[in-house]
Amino acid sequence: MIAQLRSEVYKWLTTRTHIGVLVSMVVLIMAAVLVHAFGLPVARLQTDDQQYGILLDVGANIGALFSALLGALCITSEFRTGTIRPTVLVRPRRPRVFAAKVVCSLAAGAIAGVLAAGSAVAGGWLGLTIRGVSVQVATGEVGRLLVGALVGGALWAALGLAVGAIARSQVPTVVGLVVWLLFVENLLAGDLPTAHQYTPGGLAQALAGSTRDAVLTSVPLAATLLLAYAAAGALLGAAALSRRDVS
């Protein structure tokens, strides 16, 4: 297992796509936060709740999406390039291969989550300061956003990995994750808020400290449910990799 983990870590560190995904995420988050900071009237940027809502919406949501994409790319890239074949030939115990990918995806997702939240906070502070608006977000709220984004990012990366292992094809996997997080989850939040409370995206928002009606108020419950989603996805992904041909 140690050798497999070492192999997966080496793949992560030497794949330029992963760095590109993280850089793209930071640029997108900074741009989105600055658009909010400079585009909204000053009156809408004065309070703690409004400022924190912008940071959470951009940082947590985009962080979860890019974490999921990193997890998906971890395995769909191997199917796309064919490197999955030597991987499972050298390590024929496929559950161990998938377990190593889960561990690396959790770590990468956690990094992406913290980086996303940190970029949102930095961009928000910069934009508000330039506009002469006093930053009202408390240190405790920033800490909650960072921790929630870390946990949510890690678990969403595991979910992305699971979806990629089941779907295998890179484009449908990426499109499916984007559609779910950016469109389906938003529709549920507006039309079926009770259902949205228990979706993976809604749970990630709860971890980051969202106070919306469509989000659970219990952080421990949200963490437990999102962990259950990730664990179930990992089991399904491992079964898909183990039982299906990779040719």
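For clarity, every value in this text was computed on a predicted model and none was experimentally measured.
Note that the OG1 atom of Thr194 and the CG atom of Leu216 stand 10.0 Å from one another [nearest 0.5 Å]. Atom CD of Glu185 and atom CG of Leu188 lie 6.5 Å apart (nearest 0.5 Å). Taking CD1 of Ile29 as the start and OG of Ser24 as the end, the distance is 11.0 Å to the nearest 0.5 Å. Between atom CG of residue Leu115 and atom CG of residue Leu150 there is a gap of 11.5 Å, rounded to the nearest 0.5 Å. If you take CG on Leu192 and CG on Leu187, they are separated by 9.5 Å, rounding to the nearest 0.5 Å. The distance from the CZ atom of Phe38 to the CG atom of Leu126 is 6.5 Å, given to the nearest 0.5 Å.
In the hydrophobic clustering of ILVMFWY residues, with side-chain heavy atoms under 4.5 Å counting as a link, Leu235 and Tyr229 come out apart. The hydrophobic cluster containing Leu69 does not contain Ile166, counting ILVMFWY residues as joined when their side-chain heavy atoms lie under 4.5 angstrom apart, directly or transitively. Connection of Val27 to Leu65 is not established within any shared hydrophobic cluster, with ILVMFWY side chains joined at heavy-atom distances below 4.5 Å, either directly or through further cluster members. When the side chains of ILVMFWY residues are joined at heavy-atom separations under 4.5 Å, either directly or via intervening members, Leu181 and Tyr198 end up in a single hydrophobic cluster. Hydrophobic clustering places Leu22 together with Val26 (ILVMFWY residues linked when any side-chain heavy atoms are closer than 4.5 Å, directly or through intermediates).
Closest heavy-atom contact between Arg168 and Thr173: N-OG1, 4.4 Å. Between Leu73 and Gln170, the closest heavy-atom pair is CD2-NE2, 3.5 Å. Closest approach of Leu177 and Gly160 over heavy atoms only: CD1-CA, 4.3 Å. Closest of all the heavy-atom pairs between Ala208 and Ala60 is CB-CB, 3.8 Å. For the residue pair Asn186 and Leu182, the shortest heavy atom distance occurs at ND2-O, 2.5 Å. Of all heavy-atom pairs spanning Gly123 and Leu34, the tightest one is O-CD2, 3.5 Å.
A donor-acceptor pair under 3.5 Å is absent between the side-chain atoms of Trp156 and the main chain of Leu226, judged by distance alone. Not a single donor-acceptor pair under 3.5 Å links the side chain of Gln205 to the backbone N or O of Ser210. Side-chain N or O atoms of Gln197 include none that pairs as donor or acceptor with a backbone N or O of Ala222 at under 3.5 Å. Within the 3.5 Å criterion, the main-chain N or O of Gly109 finds a donor-acceptor partner in the side chain of Ser67. Under a 3.5 Å cut-off, the side chain of His196 and the backbone N or O of Ala214 do form a donor-acceptor pair.
Using a 4.5 Å heavy-atom threshold, the side chains of Leu241 and Phe79 count as touching. Using a 4.5 Å heavy-atom threshold, the side chains of Pro200 and Leu159 count as touching.
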